[in-house]
There are 2 protein chains.
Amino acid sequence: MSKTEPRITLTEVARHAGVSRATVSLVLRDSPLVAAETRARVQASAEAVGYLYNRGAATMRGLRTRTVGLLVTEIDNPFFGELVAGAEAALEAAGYIAFLATTADSVERQQRALQRLREHRVDGLILCAAGGTTPQDIATLAGQGMPCVQAMRQVRGSRGDFTGADNLLGLEHLTEHLIRLGHRRFAFAGTAVMNSSLRHRLDGVETALRRHGLPAPLVLRTAATRQGGAEAAETLWRMRDRPDALVCCNDVVAFGAIPALQRLGAGIGQDIAVTGVGDVPEAANGNPPLTTVATDPRRIGQEAVRLLLRRIAQPAAAMEQVVLPARLVIRASCGAAMPLPAGAA
Amino acid sequence: MSKTEPRITLTEVARHAGVSRATVSLVLRDSPLVAAETRARVQASAEAVGYLYNRGAATMRGLRTRTVGLLVTEIDNPFFGELVAGAEAALEAAGYIAFLATTADSVERQQRALQRLREHRVDGLILCAAGGTTPQDIATLAGQGMPCVQAMRQVRGSRGDFTGADNLLGLEHLTEHLIRLGHRRFAFAGTAVMNSSLRHRLDGVETALRRHGLPAPLVLRTAATRQGGAEAAETLWRMRDRPDALVCCNDVVAFGAIPALQRLGAGIGQDIAVTGVGDVPEAANGNPPLTTVATDPRRIGQEAVRLLLRRIAQPAAAMEQVVLPARLVIRASCGAAMPLPAGAA
DNA sequence: ACGCTATTTTAGATCGATCTAAAATGCAAA
DNA sequence: TTTGCATTTTAGATCGATCTAAAATAGCGT
């Protein structure tokens, strides 16, 4: 059946309206060249014959595709869920649509996804780079003239647009708060695969501790997952000179650590403070509610889109790096809901 | 600079390899027509000149785009996060890539997204239809020859491929369990916007109650969100002849209802049982852990892809509806962790 | 060397839009 | 009526791949 039906192209619209293909093309793109009367007639004809614009054909003459690639490590993590939601909404508002690809933190999968996105001629990329991505990888994209914004994670030593949370300052504030509550021996969990985001979080903890003359944190090289959080908790609880504060690299790790510690008999907030990073909606809702550093992933997604559209419009513009403030959210899991003095970001 | 650089097309590869464009095209698509020696030479040339396949150009000759549209209501809900993750992985394995679009349960946004996806000539659609989608909308897609699989929600009265969870049986089992624990007065929360999935969940509750000669549940027409859950909790708690079981339409609603009830002084599991649907990872982790009906969203995503690829390959195949089993997961929020007899799905 | 078939390769048209450069049209002034 | 200028419209080439139908080449038996 699809053999016989003649597909409806701009030629059919032109025939129906009694004008040339060129005129129809101009009308479709709202060119001011065409007379108002003609425009109306053509639009009516397009409607009448059931015309559907073919973006692929237009792209062949070198036009933008109005698509971008959205590469994240995992979409089931609510943190990236929010980031993607923010980006998707901003793209939709700008008339763009996103190809979604996930890498599971594997550079091979990331490479395959990039190849496919380039074949589809995306206008640009929002990239939460997989661990192990090299500055050379980022430079290669730039060399191909592919606009690219790194979100959340910045490949160490790479150049280019970036947006993410102020992990360094956020974790400093968190650590200061824990110190003020009387905690002295710190552990940091979830560093099995390192990336710039994690690096800064750990740096923030170390900086604050150093400032107070306290020993560096114990670094637990477990996975940045629920499961990894549980493992970190078990390791930690078995120690002789056990830490009294467990700073998890993100909320999901804390969600894994807390029930594990509870099973082992720990009183969260009493025997040990546990904190996360991200402030995903579930954080307010745990047992106990989680003290965390809010990084506003939805906002990061929006900002990444803004940077990307700017880069697409002006490929040679100066590079821009937007670090969004991180906000300390104090709940019960750190032992005391003592608010910071006003003015602390 | 992009003006001067001659873009590398199949013509350049042909020139470099000393063959015709047609031959290069055959090599690119692994045609058996071309001699092994020639094939190798062309592949080497493609590599040498840095050739990148242009899918858009190929599409113009009527080839598949190898893209599909993935339309969900919200991507920040972990339930859909998992569904999308499952679908994305399955698509990637099949050499497809997904356009992601979200509708926020608005038919207008859904309509805009569909239009854009059609302009991009997606090979098919996985659709979690927005509330208010009509059978006519689905029929229109079919009339356009657009392969479409409905996931999770099936537009009432529509025809076509579908996959989702067995909400009816799942909620019947859940209700039976609550009845066995001694609960008698039921409420059901989250029906502000109705869809087939919600309909079946409510039906399941009603069927089980009827079977036991118990009164129909009180239906709370609150939003299917965290916020809506909290509102339902407050309404319910103020009642004189208060229900003793709150069945929430999904986990997120339960996550909103539980802390609200606790603030009002209710003992979850003692004064009132609260349950969810979905079994997102956070469910095991709440305060208290949530009794829920596991619907395996990741699996639903995979299954939707299988159905869609089948439909794309065989547009005229018989329609298929795959209802995946839902599993009762008993935790503390229902008051007692009494396991069902073996054999209950 | 010849015809014959089987295997490889290719020229040129084609998909559906856009772009360029030129042609048609309208209108006012000369 | 003609000229000049601005406004509208258009023919035809073009983007980069694929397809068709035909041509070139190879292989084989006689």
Side-chain angles (χ1 to χ4, degrees), chain A residues 2-43 45-46 49-67 116 118-123, chain B residues 2-43 45-46 49-67 116 118-123:
Chain A
S2 59
K3 266 282 150 53
T4 50
E5 73 190 33
R7 276 177 302 189
I8 293 154
T9 73
L10 151 163
T11 306
E12 277 66 52
V13 178
R15 198 190 332 277
H16 188 276
V19 295
S20 70
R21 276 160 34 239
T23 302
V24 177
S25 178
L26 291 172
V27 170
L28 291 177
R29 283 168 302 140
D30 287 319
S31 163
L33 287 180
V34 50
E37 191 270 336
T38 312
R39 171 189 313 283
R41 189 153 42 91
V42 169
Q43 278 165 345
S45 291
V49 301
Y51 172 72
L52 180 70
Y53 188 70
N54 185 330
R55 285 215 134 79
T59 299
M60 278 202 55
R61 286 306 309 253
L63 266 62
R64 311 248 68 124
T65 56
R66 300 213 143 237
T67 63
R116 198 164 298 162
R118 293 209 303 132
E119 288 183 358
H120 282 290
R121 297 297 194 265
V122 293
D123 292 345
Chain B
S2 60
K3 268 280 152 52
T4 50
E5 72 188 33
R7 277 177 301 189
I8 293 154
T9 73
L10 149 164
T11 306
E12 277 66 53
V13 177
R15 196 190 333 276
H16 187 276
V19 296
S20 71
R21 277 159 35 239
T23 302
V24 176
S25 178
L26 292 171
V27 170
L28 291 178
R29 283 168 301 139
D30 289 319
S31 162
L33 287 180
V34 50
E37 190 270 337
T38 311
R39 171 189 313 281
R41 189 151 44 90
V42 169
Q43 278 164 344
S45 292
V49 301
Y51 172 72
L52 180 70
Y53 188 71
N54 186 329
R55 284 212 134 79
T59 300
M60 279 202 53
R61 285 306 308 253
L63 264 65
R64 313 249 67 122
T65 57
R66 301 213 142 238
T67 63
R116 198 162 299 161
R118 292 209 304 130
E119 289 183 357
H120 282 290
R121 298 296 195 266
V122 293
D123 293 345

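Heavy atoms only: backbone and side chains are in, while hydrogens, waters and symmetry mates are out.
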Touch class at under 4.0 angstrom, heavy-atom based, for B:Ala35 against every strand present: sugar-phosphate
Length of the CZ-P vector between B:Arg15 and D:dG16, whole Å: 12 Å
B:Arg55 (side chain) donor-acceptor with A:His120 (main chain) under 3.5 angstrom: no
Between C1' of D:dT9 and CD of A:Glu37, the distance in whole Å: 13 Å
Check ion pair B:Arg116-B:Glu119 (N to O, under 4.0 angstrom): no
Option from A:Val19, A:Thr38, A:Thr9 for which side chain to side chain contact (heavy atoms under 4.5 Å, CB included) with A:Val24 holds: A:Val19
B:Ala36 vs B:Ala57, nearer the 5' end of DNA chain C by closest nucleotide: B:Ala36
Nearest-angstrom distance from the residue atom CG of A:Leu52 to C1' of C:dA17: 13 Å
Atom-pair distance (CZ on A:Arg64; C1' on C:dT18), nearest Å: 15 Å
Check against side-chain hydrogen bond (donor to acceptor under 3.5 Å, both in side chains), B:Ser25 and B:Arg29: CA-CA 7 Å; B:Ser25 178; B:Arg29 283 168 301 139; 2.7 Å; yes
Listed nucleotide nearest any side-chain atom of B:Arg61, set D:dT14, D:dT10, D:dT18: D:dT18
Sugar-phosphate, base or nothing in reach of A:Thr59, heavy atoms under 4.0 Å: nothing
Sugar-phosphate only, base, or nothing, as touched by B:Thr23 at under 4.0 Å among non-hydrogen atoms: base
Nearest-angstrom distance from the residue atom CZ of A:Arg21 to C1' of D:dG12: 8 Å
B:Arg39 vs B:Asp30 side-chain heavy atoms within contact, under 4.5 Å: yes
Sugar-phosphate only, base, or nothing, as touched by A:Ala58 at under 4.0 Å among non-hydrogen atoms: sugar-phosphate
Nucleotide nearest B:Asn54 (side chain, heavy atoms from C-beta), chosen from D:dA17, C:dT8, C:dC15: D:dA17
Gap between atoms CG and C1', on B:Leu26 and D:dA17 respectively (whole Å): 12 Å
Short side-chain N/O contact from A:Thr38 to OP1 or OP2 of D:dT9, under 4.0 Å: yes
Exam field: side chain B:Thr65 to backbone B:Arg121, donor-acceptor pair closer than 3.5 Å: yes
Touch class at under 4.0 angstrom, heavy-atom based, for B:Leu63 against every strand present: sugar-phosphate
Sugar-phosphate only, base, or nothing, as touched by B:Val24 at under 4.0 Å among non-hydrogen atoms: nothing
Donor-acceptor pair (no angle test) under 3.5 Å: B:Arg29 side chain, D:dT18 base: no
Nucleotide nearest B:Leu33 (side chain, heavy atoms from C-beta), chosen from C:dT9, C:dA17, D:dT14: C:dT9
Residue B:Ser20, side-chain atoms from C-beta onward, closest of C:dT10, C:dA17, D:dT10: C:dT10
Gap between atoms CZ and C1', on A:Arg41 and D:dT9 respectively (whole Å): 11 Å
Nearest-Å distance for atom pair CG/P, residues B:Leu10 and D:dT18: 7 Å
Nearest-neighbour nucleotide for the B:Met60 side chain, D:dG16, C:dT18, D:dT10 considered: D:dG16
side-chain N/O A:Arg7 vs C:dG16 OP1/OP2, d < 4.0 Å: yes
